[in-house]
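By convention in this document, chain letters (A, B, ...) are assigned in the order of the sequence lines, proteins followed by strands, and residues within each chain are numbered from 1. Quick caveat: nothing in here was measured; it's all calculated off a predicted structure.
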Amino acid sequence: MMVLAINTSAVNNQLSLAEKICAWILGFLWLMPLLFAFWAAFHPAEYTTHFDLLAPLTLEHFYSAWEQAPFARYMLNTLIITTIILGCQLVLCTLAGYVLARIPFRGQGLVMALVMMQLMVMPEVLIVENYRTLADLNMIDTWVGVGLPYMASAFGIFLLRQTFAIVPQALDDAARVEGCSRLQVLWKVYVPQAKPVYLAYALVSISYHWNNFLWPLVVTNTEASRPLTVGMAIFGAPESGVDWPMICAGTLIAVSPLLAAFLIFQKQFVQSFMRAGIK
Amino acid sequence: MNRTQQLHAWLLLLPALVMLAAFTHTPAVQTLLHSFYDNPMGGKPSGFVGMENFELLLEDEIFWQVLWNNTWYGLVTVPASIALALTMAIWVNGRLEGRAIVRLAYFTPTVLPMIAVANIWLFFYTPEIGLLNNVLGWFGIDGINWLGDPDFALPSLMAMTIWKEAGFFMIFYLAALQGLDRSLYEAAAIENAGRWQVFQRITWPLLMPTTLFIFINALINAFKLVDHLFILTKGGPNNASNLLLYYIYENAFSFFDTAYAATLTTVMLIILALLAWLQFGVLDKGVHYR
């Protein structure tokens, strides 16, 4: 019997041992900041750069961090802001995405171009003028004010438009025959078909706005509306001396909700980012 | 196209269009207008000054340094993040023990707030007690004042940016890799092609659309991502690590020079328009979003 020497390594995605070791080392390096934060936060200050497996554990840094800044209030603000933004985005993007996918109208090309403009000119770039607008509206330092520039999202409109465009027209027609109005069709036919896309968009949007900093920094002045990120920036710059273990503990408090959600819904997160990227 | 249909279309579009007009289109146009006016001073309303702000801009050494810094920042972080992202994607797409954990490790920076982890990076970079200098110390190398030395401040920021971005871009490569046609690889195997050859001849060309997509996004981010500056360097020392968006922020909200901030934002809009032209006019030719 003749043995055919086929180089299968490329087909099976085989990796050499050297590559595997590099992949692990890189993974370790990428986790370093987080691992270090855990180390410093749970050990007494004298062990911060002294890595000893037998070092005693402590929660004192968490107590002092919690007392140093109103984390509960910041977290509540972030939660409310993120919810307001996501809620409005879902409604606005669904309506606009549906029109652009299924109702032909005059000026469609122009509207599409105007929407897509926001992909390039993000609200971050226009902080100066948007601050002026918010001041005119008397909405500085409010939850809604932090959310306003993000409520219509070009990315969301585009994503839903692509999704709605491939919903079978027959389903639409059938619902029409049964006497559904346009909005009923949208709600009963299109929205259920796009469930995974909504999940994907929601996860991307939540992680974006949970982590957003520059615009909230500009429009918030007090604890009443300040989100976690802005609170962290203030927390990290104390008047006198830097208490590293406490900062690490504070950082962990700040990232823990999102990190926990990420670990639990890891698969959905990764798939959501993938799905959002392909469209 | 009947009338009610037209009406419905516009009614449903209205909320989104109003918000976009209020917070994207109008402010963009206002920015251009304000760049031709000066600041209101003590009761005197702002007046038209023609190109004066732009003349100031051309003579502003800090502006040129910031623009140069930003160019440098993009030239280093964009290719580095793309190369790393692709390498990561190929690794976690391959047969790797503990692949789920490694993928998780690469992706984690994406879900962490830049501002919070910047505090931890600050500790890495701190002289005397910082982790990096400690590690250098084990090898008998003198510590570096990472964020205080003008030569190292910007590269230190770049390192954190690459760390933040590579895992995010990896996801797009991973999605693309999993969608590639297996039969091409089987054919390559029969031809006895080596892995590098397969990568060069099949994987890389097929991934081109993904690479272009990531390239544009990474370029935009190079102008948008300034959160870590607030914690790590505040643009210093002496503007050595200042970037355009941070300089806009400083002018508007620290120096209260909104006219100059508008002028700088105009430059930013021109840069973004060029990027848009690059994407839709040059790179995406033939691809239609319909």
Side-chain angles (χ1 to χ4, degrees), chain A residues 6-15 20 23-24 27 30-31 33-34 36-37 49 92 95-96 99 103-105 111 117-118 120-126 128-130 148-149 151-152 157 182 207 211 213-214 218 229 232-233 236 244 247-248 251 254-255 258 262 266 270 273-274 277-278, chain B residues 1 5-6 8-9 12-13 15-16 19-20 23-24 27-28 30-31 91 93-96 102 104-109 111-117 119-121 123 129 131 134 171-172 175 185-186 188-190 192-193 195 198 224 227 230-231 252-253 258 261-262 265 268-269 272 275-276:
Chain A
I6 288 180
N7 188 344
T8 53
S9 69
V11 184
N12 297 329
N13 297 322
Q14 224 104 47
L15 300 174
K20 286 179 184 177
W24 292 323
W30 247 238
L31 273 184
L34 203 58
F36 171 75
T49 51
L92 265 58
L95 296 178
V99 173
I103 311 181
F105 65 98
V111 169
M117 253 186 79
Q118 201 212 25
M120 283 286 164
V121 185
M122 313 76 56
E124 282 77 19
V125 177
L126 299 166
V128 182
E129 293 301 328
N130 281 343
L148 273 179
M151 286 178 181
I157 294 173
R182 210 181 268 285
S207 52
N211 298 339
F213 172 70
L214 187 57
V218 168
T229 46
M232 277 311 292
W244 291 111
I247 286 187
C248 287
T251 305
V255 304
L258 202 60
F262 170 60
Q266 200 208 124
V270 174
F273 276 80
M274 274 163 107
I278 296 167
Chain B
M1 275 199 244
Q5 191 180 327
Q6 297 272 318
H8 282 169
L12 294 176
L13 278 171
M19 296 309 282
L20 281 174
F23 293 98
T24 300
Q30 291 277 5
T31 300
W91 281 344
N93 194 43
R95 295 202 168 168
L96 180 69
V102 174
L104 183 72
Y106 293 161
F107 188 66
T108 308
V111 292
L112 296 177
M114 191 86 161
I115 204 80
V117 274
N119 277 321
I120 300 167
W121 279 77
F123 180 73
I129 56 160
L131 201 65
N134 255 313
I171 293 294
F172 301 122
Y185 289 86
E186 278 149 23
I190 291 167
N192 232 336
R195 276 190 67 208
V198 171
K224 199 179 85 168
D227 292 4
F230 284 84
I231 299 285
F253 300 100
T258 45
T265 309
M268 177 73 104
L269 290 176
L272 292 173
L275 289 182

Legend entry - A:L95 side chain reached by B:L13 side chain, heavy atoms, under 4.5 Å: no
Legend entry - CG-CE distance between B:L272 and A:M117, expressed to the nearest 0.5 angstrom: 10.0 Å
Inset, instruction - Compare every heavy atom of B:P113 with every heavy atom of A:V255, then report the nearest pair and how far apart it is. - result: CG1-CD, 3.5 Å
Legend entry - Student check: side-chain heavy atoms of A:L148 and B:M19 closer than 4.5 Å: yes
Inset, instruction - Go through A:L31, A:N130, A:I103, A:L34 and name the one with the most non-hydrogen pairs under 4.5 angstrom from chain B. - result: A:N130
Inset, instruction - State the CE-CE distance between B:M114 and A:M232, to the nearest 0.5 angstrom. - result: 14.5 Å
Inset, instruction - Can you see which heavy atom on B:R95 is nearest to which on A:K20, and at what distance? - result: O-CE, 3.2 Å
Legend entry - Option that, when pairs with chain B are counted at under 4.5 Å, heavy atom only, ranks first among A:V99, A:V111, A:L214: A:V99
Legend entry - Closest non-hydrogen atom pair between B:A16 and A:A96, with its separation: CB-CB, 3.9 Å
Legend entry - Intermediate values then yes/no, side chain to side chain contact (heavy atoms under 4.5 Å, CB included), B:V102 and A:W30: CA-CA 9 Å; B:V102 174; A:W30 247 238; over 6 Å; no
Legend entry - Within-4.5 Å side-chain heavy-atom neighbours: B:W121 and A:P33: yes
Legend entry - Test item: B:F123 and A:I247 side chains (from C-beta on) under 4.5 Å apart, heavy atoms: no
Legend entry - Proximal component of A:M151, with respect to chain B [non-hydrogen, under 4.5 Å]: side chain
Legend entry - Option that, when pairs with chain B are counted at under 4.5 Å, heavy atom only, ranks first among A:V218, A:V121, A:L258: A:V218
Legend entry - Under the ring-ring contact (aromatic ring centres under 6.0 Å, His included) test, residues paired with A:F262 that sit two or more places apart: A:F269, B:F107
Legend entry - Nearest-0.5 Å distance that lies between atom OG1 in A:T229 and atom CD1 in B:I115: 7.0 Å
Inset, instruction - Would you give the length of the straight line joining atom CE of A:M120 to atom OG1 of B:T24, rounded to the nearest 0.5 angstrom? - result: 13.5 Å
Inset, instruction - Please look at A:I157 and chain B and tell me whether the side chain, the backbone, both or neither of the residue comes under 4.5 angstrom of a heavy atom of that chain. - result: side chain
Inset, instruction - Using a cut-off of under 4.5 Å on heavy-atom pairs, state which of B:T108, B:L269, B:L104 scores highest against chain A. - result: B:L104
Legend entry - Minimum heavy-atom distance between B:F23 and A:L126, given as atom pair plus value: O-CD1, 3.9 Å
Inset, instruction - Please tell me if the side chains of B:Q5 and A:R182 come closer than 4.5 Å, counting only heavy atoms from C-beta onward. - result: yes
Legend entry - Least distance between heavy atoms, A:V125 atom then B:T265 atom: O-CG2, 3.5 Å
